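First up is the structure itself, then whatever we jot down about it.
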Amino acid sequence: MANLVGRSRRSADDSGPAGEKLAGPLHAVSESVGRVAQETHEDVPALCGEQVQVISVEDVPDDAGLCRVCQYGP
């Protein structure tokens with residue numbers, strides 16, 4: 001059961017808000033890999049296969065939703 005979320009890292013050429021390192025929709029992350037990654041800040045694969053950084057619930061934007069694949073499956 002996925003109960004952690006992550007966001008993709010911005011690429012070097014991706015223009016976004018100053019200082020924001022993460023981008024895109026939220027992605028569901030399996031707890032088995034997500035708990036360790038949350039502590040070590042390593043990128044892990046989300047349920048959809050996207051490499052993401054696990055983020056704290058406090059860092060989730062109010063208007064963010066899960067990516068379509070993580071939400072509904074392939």
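The basis for the numbers below is simple: all heavy atoms, side chains too, and nothing from hydrogens, waters or symmetry mates. Just so it is clear, the model here is predicted, and its values are computed rather than measured.
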Between [X] and [Y], what is the shortest heavy-atom contact and its length?
X   : Y   : value
Q38 : I55 : NE2-O, 4.0 Å
A37 : V54 : CB-CG2, 4.1 Å
V5  : V29 : C-CG2, 4.2 Å
R9  : H41 : NH2-O, 3.3 Å

Quick check: do [X] and [Y] have side-chain heavy atoms less than 4.5 Å from each other?
X   : Y   : value
V36 : V44 : no
S8  : Q51 : no
V52 : R7  : no

Can you give each donor-acceptor pair under 3.5 Å made by side-chain atoms of residues 65-74, sequence neighbours left out, with the distance rounded to 0.1 Å?
none

Separation between CD (E50) and CG (L26), nearest 0.5 Å, reads 12.0 Å
